[in-house]
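Comments concern the structure below.
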Amino acid sequence: MTHSVKQYIAWRCAQELKSGIVNLGIGIPTLVADYLSRGSVTIHSENGILGVGPEPSPEEFDIDLVNAGKQPITVLPHTSYFDSSLSFAMMRGGHLDATVIGALQVSEKGDIASWAIPGKDILGVGGAMDLAIGAKRVIAAMTHLTPKGDPKILPQCTYPLTAKKRVDTIVTEHAVFKFYQEKLWLVELNDDVSFEKLKEMTPASYEIAKDLKRVQGRHTFIG
Amino acid sequence: MTHSVKQYIAWRCAQELKSGIVNLGIGIPTLVADYLSRGSVTIHSENGILGVGPEPSPEEFDIDLVNAGKQPITVLPHTSYFDSSLSFAMMRGGHLDATVIGALQVSEKGDIASWAIPGKDILGVGGAMDLAIGAKRVIAAMTHLTPKGDPKILPQCTYPLTAKKRVDTIVTEHAVFKFYQEKLWLVELNDDVSFEKLKEMTPASYEIAKDLKRVQGRHTFIG
Amino acid sequence: MNTEVEKNIATNVQFLSAGEAIKKIPERATIMVGGFGITGIPQFLLEALIDETDVQDLTIISNNINKDTNLYPLFKQNRIKKAIGTYFTTNKEVVQAHREGRIEIELLPQGSFSEAIRLGGSGIPAFYTPTSAGTDLAINKETRIFNGREHVLEYSLFADVSLIKAYKADKAGNLIYRKSARNFNPIMAMAADLTIVEVEEIVEIGELNPESIVTPFAFVDIVVQKGEM
Amino acid sequence: MNTEVEKNIATNVQFLSAGEAIKKIPERATIMVGGFGITGIPQFLLEALIDETDVQDLTIISNNINKDTNLYPLFKQNRIKKAIGTYFTTNKEVVQAHREGRIEIELLPQGSFSEAIRLGGSGIPAFYTPTSAGTDLAINKETRIFNGREHVLEYSLFADVSLIKAYKADKAGNLIYRKSARNFNPIMAMAADLTIVEVEEIVEIGELNPESIVTPFAFVDIVVQKGEM
């Protein structure tokens, strides 16, 4: 996966986020911050921060100030700190407008698999399940295919689930899908792939939105 | 009930409290504060204060500063404020050393009835049940008999219960009882009543402690 | 640092007059009202609710209905269909109304009440508590033994609207409270679809200490400056 | 006002050296350890635990076992029998030890983990959460439908000892934290029979703002000044 694919997906996710509070997962979602208007969108970090600022310069670095990915951060003038239980209350209680999570698979029912691989040790989950359960909108950010070329948008997930029926939007480097009335809809397709090619890469059942957008994709994106 | 009976009971309860955190219920327990060493005993109020100080002078009165009885108070230099859920977490989670509650009845099993009277509307409970459930020590403060002369320390409560098997100590104007190994023990008897008289006023089964104290009672108490 | 961002901070919290805010309350709403006795009551919002709206058949979730608060005229106007709280005996008229079937009352121990609110705002629908086990307040409630002790299943509380009182809000919507006026306000802020806050003072972003903010703006929808009807 | 009282304030919180404090930890204890990654970890108390005691067969309740913290040597010395947390995959040796049956691991979603701790400290033994319903982490757990949605019954957590990190304590034992080093520390302070706190600084009573105290001293047993072994 090239750098610009990741960055394109992150940028495209950011277009979904114009205001409100968002939590960004680990992986591609972390990059979303670079494309957000961080004044009008506030970033929540599940270790207990509302109002995450940009990366610190080396002299600003503070060991007591990290995000959920354990990376050093800065804060903003409207930032607040709280304990982990309040942080997850905020999340699970539906007080976050959106989350962007990296996904391994998404099913046509909106199920998401993002935290474990069959046959591997199941020893880490972090906040992924609470995010997927609690945020008002769950945006799954992922490459359209695995590095081996296997599809990820499937009739049903074959990997262990993170949450059932919770995905609202899927963003890949080729397309954007949304869930609406219990169905998956293709709402945007980059001009680098044809409808046939997309169908081939996407075994899930989906409908094509009436107002489908065809857009210039990442080959024109300056990341 | 004369003023000095109430005050004697309150004073005697205070003798049980040498350090730690205590919550004082409404009625006689409120008076306990007057006899506590308020430096070494900290008073918790369930509306969200740890460290209640004495009554304010009129010029100190602050509408935002009341105790659980909705009376104006002052605070001390080690006081903290918190919301009601944390306040009851503190209580129910066993973080208070003691509570003094007014009781209508206490049974020989340690059940307490303090909040409702049979046949009357059951429309108010406040924090009484959480206090009785949560405090490490529950001290029941009450007159030995009702105004009509009925006993209050009974084989079993006839009034609606506040909590089962939670009373640790009973303090009346005549005697002090403690629960120990699932039995009720008379540990202190004022010299104004005989053993026979006490038995008559106390239908509950109780044992007499080996180290029973006979004390000069309230007739020598300067309240 | 971050000066570009700092200039442009904007949250979805709205700053409205009491009249504008209160008109968002629907008919037959379930409303949480902060405060304990007369302390920390959103008196100004309640006044607007009484004077500026006709909403009826309200369910009020509040510790009690004190005669010296604006919950009392709301009650007197028969606009409260049901009250959920912990202590209604001090107001004899409420007791009388209950006896005559004019108001429904659901009584909870104060600790169960406050935890039901906090967990309602936290996405947890039910929990087991030892409080009230074996008492009349547990009649018709499910019980279960944990650690050898009987516990009662309590359902969490969540409202259409919370009316709360805070001391200061910053222009992002973060809140701090004052002394024991904090009481139920921060947890009720969490537990409603629409949280409307009455504040003494609105300050600039950056004026509140980030370590001391009690209610982060994520829990707040509308801030009303007290006095702005 | 109150000057007589003010001079004589004394709580049951003890102020000890790390060595004295840590010797109170019994064999086979269940220990909560605050911190997230390397932030807010009670490094100094853990160092004392490693150097000054021989306690074995510990159950550690902590978010993860980070290689750059003193939980790691404790793990390397095979003194951790079981770990309860949310994220152990980043430490390959822990994964390997688990595979070889040298360490038992109980994995919880981070929100269930943090609420289980807070409620454990609040006298609530169990609660229902929507998180993990229908996933592998709910296998063998009781489920129940609330509001048309499946929920999982989670049991609260309570430990023999909590080792936490705060920024400042006053001489009564009240605590404040610093920035995101707060994380699990305040809730773990609530959830143990014995709570030992490591602080950067001990200040006089009255120096902390009563509105900003995060952990009231009711939750604290022992305060250790960092550096005092």
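Chain letters run A, B, ... following the sequence lines, proteins first, then strands; residues in each count from 1.
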Find the distance between [atom1] ([X]) and [atom2] ([Y]) and round it off to the nearest 0.5 Å.
X	Y	atom1	atom2	answer
C:Phe88	B:Asp121	CZ	CG	13.0 Å
C:Thr129	B:Met129	OG1	CE	11.0 Å
B:Asp62	C:Lys179	CG	NZ	4.0 Å

Next item on the list: Check the pair C:Arg178, B:Asp64 against salt bridge (charged side-chain N to carboxylate O under 4.0 Å, His left out), reporting the backbone distance first and the verdict last.
Entry: CA-CA 7 Å; C:Arg178 189 166 175 277; B:Asp64 289 339; 2.9 Å; yes

Margin query: Out of B:Ala128, B:Ala113, B:Ser80, B:Ala68, return the one with the most heavy atom pairs under 4.5 angstrom to chain C.
Written below: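 Ranked by heavy-atom pairs under 4.5 Å with chain C, first place is B:Ala68.
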
Margin query: Among B:Asp111, B:Asp83, B:Asn67, which residue has the highest count of heavy-atom pairs closer than 4.5 Å to chain C?
Written below: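 Counting heavy-atom pairs under 4.5 Å, the top option is B:Asp83.
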
Taking the side chain from [X] and the backbone from [Y], do they hold a donor-acceptor pair closer than 3.5 Å?
X	Y	answer
C:Thr39	B:Ile63	yes
B:Asp130	C:Gly111	yes
C:Ser180	B:Gly48	no

Notebook entry, point to check: Can you find a heavy atom in the side chain of B:Ile133 that is under 4.5 Å from one in the side chain of C:Arg149?
Noted result: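 In contact.
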
Would you find more than 12 non-hydrogen atoms of other residues, nucleotides or ligands less than 6.0 Å from [X] atom [atom1]?
X	atom1	value
B:Lys199	NZ	yes
B:Lys165	NZ	no
B:Tyr180	OH	no
C:Arg102	CZ	yes
B:Gln156	CD	no
C:Glu100	CD	yes

Is it the side chain or the backbone of [X] that comes within 4.5 Å of chain C heavy atoms, both, or neither?
X	answer
B:Leu65	both
B:Ile122	both
B:Thr162	backbone

[X], part contacting chain B, at a heavy-atom distance under 4.5 Å:
X	result
C:Pro109	both
C:Leu108	backbone
C:Thr90	neither

Which atom pair, heavy atoms only, marks the closest approach of [X] to [Y]?
X	Y	result
B:Ser85	C:Arg118	OG-CD, 3.3 Å
C:Thr89	B:Gly124	OG1-CA, 3.6 Å
B:Ala163	C:Thr135	N-CG2, 4.3 Å
B:Ser84	C:Ser114	O-OG, 3.6 Å
C:Tyr87	B:Val125	CD1-N, 3.6 Å

Next item on the list: May I have all residue pairs that pass ring pair (Phe, Tyr, Trp, His ring centres under 6.0 Å) and include part of residues 49-108 of chain B, sequence neighbours excluded?
Entry: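 Output for this query lists B:His78-D:Phe217, B:His95-D:Phe219.
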
Margin query: Report, in residue-number order, which members of residues 58-68 of chain C are under 4.5 Å from chain B by heavy-atom distance.
Written below: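 So the qualifying residues are C:Asn63, C:Asn64.
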
Checklist line | salt_bridge(B:Lys164, C:Glu150) N-O dist < 4.0 Å | finding: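 Result for this pair is no, no salt bridge flagged.
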
Item checked: Steps toward side chain to side chain contact (heavy atoms under 4.5 Å, CB included) verdict (C:Thr131, B:Arg92) -> CA-CA 8 Å; C:Thr131 306; B:Arg92 197 180 40 229; 3.6 Å; yes

